[in-house]
Amino acid sequence: MENLILEGFYYPAFFSMFSVIYLIAYFLVFRNWNPKQRPDATSCLISLAHGTPAVVLALFALFENPAIGFASENSKSQNLALDFSIAYFTVDLLHYLVLLPSDVLFIAHHLATLFVFVTCRYLVLHGAFAILVLLVLAEVTSACQNIWTLAGLRRGDLAVAANVYRILSPPFYVLYSIMRVFLGPLFFLKMSIYYLSGESDSVIPRWVSVSWIVVVGGAILVSILWISNLWVELVREMRKKGISEKKER
C-alpha cells in the first residue's frame with residue numbers, strides 16, 4: 001500500500017479499503033436487518049466512511065495549494081482526494097448495479113460523478129480545484145445525512161430511531177439547504193462563467209468543461225428538488241401535528 005501511495009496511484013488501495021468496509025457492513029454489521037433495508041443500510045455505512053474523510057482530504061489539498069484556480073494543474077494531494085472518492089463511488093455503483101439495479105437515479109448519479117472525477121484525474125489532469133470545492137459542499141452533510149437515513153430505515157421498528165429521525169430532520173434540512181441550495185449554486189455559477197469564457201480551453205477541452213457544467217448543474221437541480229420535497233413534507237407533518245393537538249385540547 002505504501003508503494004502505491006508513493007507512486008501517486010492511490011485508487012487500488014482505496015478501492016480495496018472500501019470493498020472491505022462494504023463486506024463487513026453487509027455480512028456483519030447489518031446481517032440481522034430486514035433484507036429490504038440491508039442494502040440501503042450498507043450503502044449508508046460506506047458513505048459514512050467516505051463523506052467526512054473526503055472533506056478532510058479535499059480541504060487539505062485545497063489549503064495546501066492556496067494560489068490555484070479553475071484551470072490549475074492537479075497536485076498530488078488533489079489526486080489523492082480524487083482517487084479516494086473515485087474508489088468509493090466505484091464500490092457504491094457496483095452495489096447498486098448488483099443489489100438495486102432498479103434505482104436508476106442513483107446509478108445515473110454515480111456514473112455522472114465518476115465521469116467528472118475520472119476525466120479530471122486521469123484525462124485532463126487539471127481542474128481539481130473546482131471539483132474538490134464542490135465535493136466539500138456536497139459531502140460536508142454526509143455524516144448527518146447518513147445517520148438520518150439509517151434512523152429513517154428503522155423508525156418504524158425502533159422508538160429510538162424514530163426520535164433520532166424526528167430530531168435530526170430540521171437541522172439536517174437546514175445544513176443541506178445551505179450547502180446545496182445556496183453555496184453550491186453560487187460556486188457553480190462562478191465555475192460555469194469561467195469555463196464558458198474559454199480561458200481554460202488550452203488545458204481542459206471545451207467538451208470536458210461543458211460536460212462538467214451539465215453534470216454538476218443536473219446534480220444541483222436534483223438536490224434542490226429533493227430537499228424541497230422534504231421541507232414540504234416536514235411542514236405538512238408539523239401542521240397535522242398542530243391540528244391534532246388543538247383537537248385534543
Side-chain angles (χ1 to χ4, degrees), residues 8-11 14 47 50-90 92-93 106 108-143 145 175-227:
F9 184 47
Y10 319 102
Y11 176 81
F14 288 140
S47 181
H50 165 258
T52 302
V55 171
V56 173
L57 288 173
L59 288 175
F60 173 78
L62 292 170
F63 289 136
E64 187 186 37
N65 303 275
I68 58 177
F70 288 108
S72 298
E73 184 178 4
N74 300 348
S75 67
K76 289 183 178 180
S77 58
Q78 289 172 342
N79 285 335
L80 185 148
L82 288 171
D83 273 347
F84 184 78
S85 288
I86 290 171
Y88 157 72
F89 280 107
T90 304
D92 205 40
L93 175 62
F106 264 94
H109 169 269
H110 282 21
L111 285 171
T113 302
L114 281 169
F115 168 80
V116 173
F117 282 22
V118 169
T119 52
C120 177
R121 169 68 171 96
Y122 295 106
L123 180 63
V124 298
L125 308 177
H126 291 73
F129 165 74
I131 305 306
L132 292 181
V133 170
L134 291 168
L135 177 66
V136 170
L137 293 174
E139 295 298 337
V140 75
T141 62
S142 177
Q145 181 174 350
L175 178 62
Y176 191 96
S177 297
I178 292 172
M179 295 299 166
R180 302 289 189 98
V181 180
F182 296 105
L183 297 181
L186 284 175
F187 183 81
F188 169 71
L189 178 62
K190 185 176 181 180
M191 179 189 86
S192 299
I193 292 172
Y194 179 85
Y195 285 138
L196 292 176
S197 71
E199 290 187 49
S200 64
D201 287 0
S202 60
V203 291
I204 304 176
R206 181 63 68 93
W207 72 268
V208 174
S209 59
V210 171
S211 297
W212 291 357
I213 291 171
V214 171
V215 169
V216 174
I220 288 175
L221 179 60
V222 170
S223 296
I224 291 173
L225 292 173
W226 184 72
I227 196 63

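From a predicted model like this one, the values you see are computed outputs, not experimental measurements. Counting begins at 1 with the first residue of the sequence.
Considering CG of Leu80 and OH of Tyr11, their distance stands at 14.5 Å, rounded to 0.5 Å. Annotation: the span from Ile131 atom CD1 to Gln78 atom CD amounts to 10.5 Å, rounded to 0.5 Å. Leu137 contributes atom CG, which lies 11.0 Å from atom CG of Leu132 (distance to the nearest 0.5 angstrom). Interatomic distance, CG of Leu59 versus CD of Glu139, reported as 12.0 Å (0.5 Å rounding). Annotation: the span from Met191 atom CE to Leu196 atom CG amounts to 9.0 Å, rounded to 0.5 Å. Atoms CD1 and CZ, on Ile193 and Phe188 in that order, are 10.0 Å from each other to the nearest 0.5 Å.
Here the closest non-hydrogen pair linking Ala130 and Phe187 is O-CE2, 3.6 Å. Here the shortest heavy-atom pairing between Ala71 and Val203 reads O-CG2, 3.7 Å.
Residues forming a side-chain contact (heavy atoms from CB on, under 4.5 Å) with Ala108 (at least two apart in sequence, or on another chain): none. Evaluation of the ring pair (Phe, Tyr, Trp, His ring centres under 6.0 Å) rule for Tyr194 yields Phe70 as partners, not counting sequence neighbours. Remark: Ser200 engages no residue in a side chain to side chain donor-acceptor pair (under 3.5 Å) (not counting sequence neighbours). With sequence neighbours excluded, the residues satisfying side-chain contact (heavy atoms from CB on, under 4.5 Å) with Ala54 are His50, Phe84, Ser85, Leu135. Partners of Glu64 according to the side chain to side chain donor-acceptor pair (under 3.5 Å) rule, which considers only residues two or more places apart in sequence or in another chain, are Ser77. Here Leu186 pairs with nothing under the side-chain contact (heavy atoms from CB on, under 4.5 Å) rule; sequence neighbours left out. Applying the side-chain contact (heavy atoms from CB on, under 4.5 Å) test to Thr119 and every residue at least two apart in sequence or in another chain returns Phe115, Leu123, Val208, Trp212. Every residue two or more places apart in sequence or in another chain that forms a ring pair (Phe, Tyr, Trp, His ring centres under 6.0 Å) with His110 is listed here: Phe89, Tyr96.
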For residues 216-227, which side-chain donor-acceptor pairs fall under 3.5 Å, sequence neighbours excluded?
{"from": "Ser223", "atom 1": "OG", "to": "Tyr176", "atom 2": "OH", "distance (Å)": "3.3"}
{"from": "Ser223", "atom 1": "OG", "to": "Arg180", "atom 2": "NH1", "distance (Å)": "3.0"}
{"from": "Ser223", "atom 1": "OG", "to": "Ala219", "atom 2": "O", "distance (Å)": "3.0"}

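Under the 4.5 Å side-chain criterion, counting only non-hydrogen atoms from C-beta, Leu62 is in contact with Phe129. Put simply, the side chain of Cys120 reaches to within 4.5 Å of the side chain of Leu82, judged on heavy atoms. Contact check for Thr52 versus Ser142: no side-chain heavy atoms found under the 4.5 Å cut-off.
Within a 6.0 Å radius of OH in Tyr122, more than 12 heavy atoms belonging to other residues, nucleotides or ligands are found.
Judged by distance alone, the side chain of Asn74 and the main-chain N or O of Asn79 form no donor-acceptor pair under 3.5 Å.
Listed by first and then second residue, the salt bridge (charged side-chain N to carboxylate O under 4.0 Å, His left out) pairs that reach into residues 214-224 come to none, sequence neighbours excluded. Sorted by first and then second residue, the salt bridge (charged side-chain N to carboxylate O under 4.0 Å, His left out) pairs involving residues 188-210 (not counting sequence neighbours) are Asp201-Arg206.
The aromatic rings of Tyr10 and Phe14 lie tilted to each other, with the angle between the two planes from 30° to 60°.
For the side-chain contact (heavy atoms from CB on, under 4.5 Å) test with Ile86, the passing option among Thr113, Leu114, Val116 is Leu114; the others fail.
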